[in-house]
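Heads up, the thing below is written out as structure tokens.
Here is the naming used below: chain letters follow the sequence lines, and residue numbers restart at 1 for every chain.
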Number of protein chains: 2
Amino acid sequence: MASSRPGPNLSRIATSLGVSVATVSNALSGKGRVSEQLAEKIREHAAELGYIPSQAGRALRTGRSGVLGLVLPDIANPLFPKIAQAIEFAAKSADYGVLIADSRGDVTAQTEAINRLIERGVDGMVVVPRRATRISASSCPVAVIDTASTPGNTVAADHWQGGQQIAAHLAGLGHKRILIIGNNPESNVQNDRAGGIRSGLAKGMSSEMLWIERLEQTAGPGCRLGLARKAAEGFTAFAALSDLQALRALTELQQEGINVPADVSVTGFDDLIWSPVVTPALTTARMDMDRIAEIAISALLKTILESGTREGVIVTAETDRVPMQLIVRQSSGPARPAKENLTDGELAT
Amino acid sequence: MASSRPGPNLSRIATSLGVSVATVSNALSGKGRVSEQLAEKIREHAAELGYIPSQAGRALRTGRSGVLGLVLPDIANPLFPKIAQAIEFAAKSADYGVLIADSRGDVTAQTEAINRLIERGVDGMVVVPRRATRISASSCPVAVIDTASTPGNTVAADHWQGGQQIAAHLAGLGHKRILIIGNNPESNVQNDRAGGIRSGLAKGMSSEMLWIERLEQTAGPGCRLGLARKAAEGFTAFAALSDLQALRALTELQQEGINVPADVSVTGFDDLIWSPVVTPALTTARMDMDRIAEIAISALLKTILESGTREGVIVTAETDRVPMQLIVRQSSGPARPAKENLTDGELAT
DNA sequence: AGAGCCTGATTAAACGATTAATCAAACGCA
DNA sequence: TGCGTTTGATTAATCGTTTAATCAGGCTCT
């Protein structure tokens, strides 16, 4: 029943070579004082036997599990794959494992998820917080990835700057009236993106905001956004705050017989999986998740290694925002001259 | 530096109450022989102190880590969120944690990912195998989620039956010529879905296959699929083997001025995040991931608990395929009468 | 030559939980 | 009364690793 692990352990290697376990441990970790010849012999023999150190034994002794937690607001979020991938990659480079915890549901679920991770003994965790949630430092270091305007944010994409890039791109194409399409006004990320767009508008440009969740509260989920009418009113660019909303806008426009990008332009954020393969491919602003993850993880590890005592702090990094990259594809093009829009407007109304 | 965990441990509780650690352990686990009154007192005191058992200590003694691994072919896969969410949910119900491992890249990366998990001491793992990969049983129980036709598959959605549902749906709408759109002919899942569709075609119906990756090898990634021409040739339904391809088809058709579902129908698979929000919303076949995960995890846990010895087996479950559910939305509708298609065909060619 | 100093190894004590083995007391019963 | 059994608790070993403390030689230097 005891199901003792199959592989060899330190003492097996030790007795097999006629040395002490401490020497083997030292040889393999390169820490104590072991002659180079003996060390080499030990390493060889260990490799030969296929020695795998017991994480449990090590964790018990060192007080560190070698595992980080990853908490996500809603694991079904289309952004999740990239985040998880980047975090896992950054963690494994430092020989850490990643334990996932989904906080599907309400805010208490987020707290429960965090607690579960702590019970599992993670050395630290990365939290992508639920909207408008503040992470209370628990009993281990925490890195928060959200957006610069979130208090306690460790590192994130520079959503504001991303918005500015989108705005500059649209300005360059001659667009004057921009409809910004967001999902939820409580999202810090979306507000920063929208703010960035507005701040980047050139002289003579104006914008209006459309929050989908508000609309859906009266019109029902999955309802039309009424973009054809907006186009008729003279909006020539639809800047969604996420590719999911951009996709929704794009298909609705196309369904109404409005051509993208000939008639109007559509842009998104995040460069999600479908962005390059839809027709027209989406112009979008991409975050450098690999870099964000790298910064978050290294800040986390630094805190973990330095502070021996497992205090619950929210770690900080030197760079707290990573620039977004504008990806120009086919969904954005030159604005139609205003007069034609007027004509369209007359036809549509 | 030793960074001893902050919370109380068994011996702290024991001395604090004047009993032995063994008694405390027994009281909390309900295993040994402890009087009900004392047990109650111990439980109370433990809760009061906020006792959290050390996973490391427990793992070291019992030889079980309480952690399962999840290996995914490509974590960036849009299906990943649902899988991870379902697996994590099923695992946490059984008090297990989930460690992720991305096998981004080639087949060797998959093996490396599996090895990393084993080094971390997982008690078992769930593998969604890379295309055309056979999982060689390693040193812990493994559950494989792919498709029924994959040798060694533990449990999966009944992709074949899902295909039949799609076919039946299209047959009911009067479609005669179906274009099946897949990504990669080496995918067992896609082949089963396609096979299901073909097997479900009614009398007088015919189908043709289009593999996107093959097309892209000559025409370049992101190229047009030439669906307008196919529509002109008389195809009235486009059955994609995944919602990602369905989306690609839908937007391409819309861009060409072909109306969905008035002119042609489009269906997909998986009910991915965007399916309900695009216009028209996608008709698709959804897998019951929660149930699949539940079956996989329970089969895994059964093997783990039964076989004390950590052997590397691929576990089996009583039910190896879970029915898919057809979700009918707006992207599929009655087939246009053949003569009109002819007219369109004349116009287009 | 003896005191002191490296060098290269060993000893032994943790870390925290589980669990088989043991033990003391109380109880039942002839 | 005395023997066997049950109950309720303790003792002690164990899992595998790390690491401080110790120790035996060989070496240098005065």
Hey, does A:Ser20 reach any base, or is it just sugar-phosphate, or nothing, if we go heavy atoms under 4.0 Å? base
Tell me the interatomic distance from B:Arg64, atom CZ, to D:dG16, atom C1', rounded to whole angstroms. 17 Å
Rounded off to whole Å, could you give me the CG-to-P distance for the A:Asn9 and D:dC15 pair? 8 Å
Could you tell me how far apart A:Leu38 (CG) and C:dT10 (C1') are, to the nearest whole angstrom? 12 Å
How close or far is atom C1' of D:dT17 from atom OH of A:Tyr51, stated in whole angstroms? 7 Å
Please state whether the phosphate of D:dT18, meaning OP1 or OP2, lies under 4.0 angstrom from any side-chain nitrogen or oxygen of A:Lys31. no
With a 4.5 Å heavy-atom cut-off, do B:Asp123 and B:Cys140 have their side chains touching? no
Side-chain heavy-atom pair A:Val126, A:Leu68 within 4.5 angstrom cut-off: no
How close or far is atom P of C:dT18 from atom CG of B:Asn26, stated in whole angstroms? 9 Å
Taking only the side-chain nitrogens and oxygens of B:Thr23, find out if one of them lies under 4.0 Å from OP1 or OP2 of D:dT10. yes
Nucleotide D:dC15, atom P - distance to CG of B:Leu10 in whole Å: 19 Å
Taking atom CZ of A:Arg291 as the centre, does the number of heavy atoms from other residues, nucleotides or ligands within less than 6.0 Å exceed 12? no
If you go through the side-chain atoms of B:Arg61, does one of them form a donor-acceptor pair with the base of D:dT14 closer than 3.5 Å? yes
For C:dG16, does OP1 or OP2 lie under 4.0 Å from any side-chain N or O of B:Ser11? no
Select from A:Val21 and A:Glu36 the residue whose nearest nucleotide in DNA chain C is closer to the 5' end of that strand. A:Glu36
Over all heavy atoms of both residues, which pair between A:Ser25 and A:Leu10 is shortest? Give the atoms and the distance, please. CB-CD1, 3.8 Å
What is the separation between atom CZ on B:Arg58 and atom P on D:dT17, rounded to the nearest whole Å? 21 Å
Between D:dT19 (C1') and A:Arg33 (CZ): distance, integer Å: 13 Å
For B:Ser149, side-chain contact (heavy atoms from CB on, under 4.5 Å) partners two or more places apart: B:Thr147, B:Asn188, B:Asp192
Name the residue closer to the 5' end of DNA chain C, choosing between B:Ala22 and B:Ala56 according to the nucleotide with the nearest heavy atom. B:Ala56
Do the side-chain N or O atoms of A:Ser35 get closer than 4.0 angstrom to the phosphate oxygens (OP1, OP2) of C:dA9? yes
For D:dT18, does OP1 or OP2 lie under 4.0 Å from any side-chain N or O of A:Ser25? yes
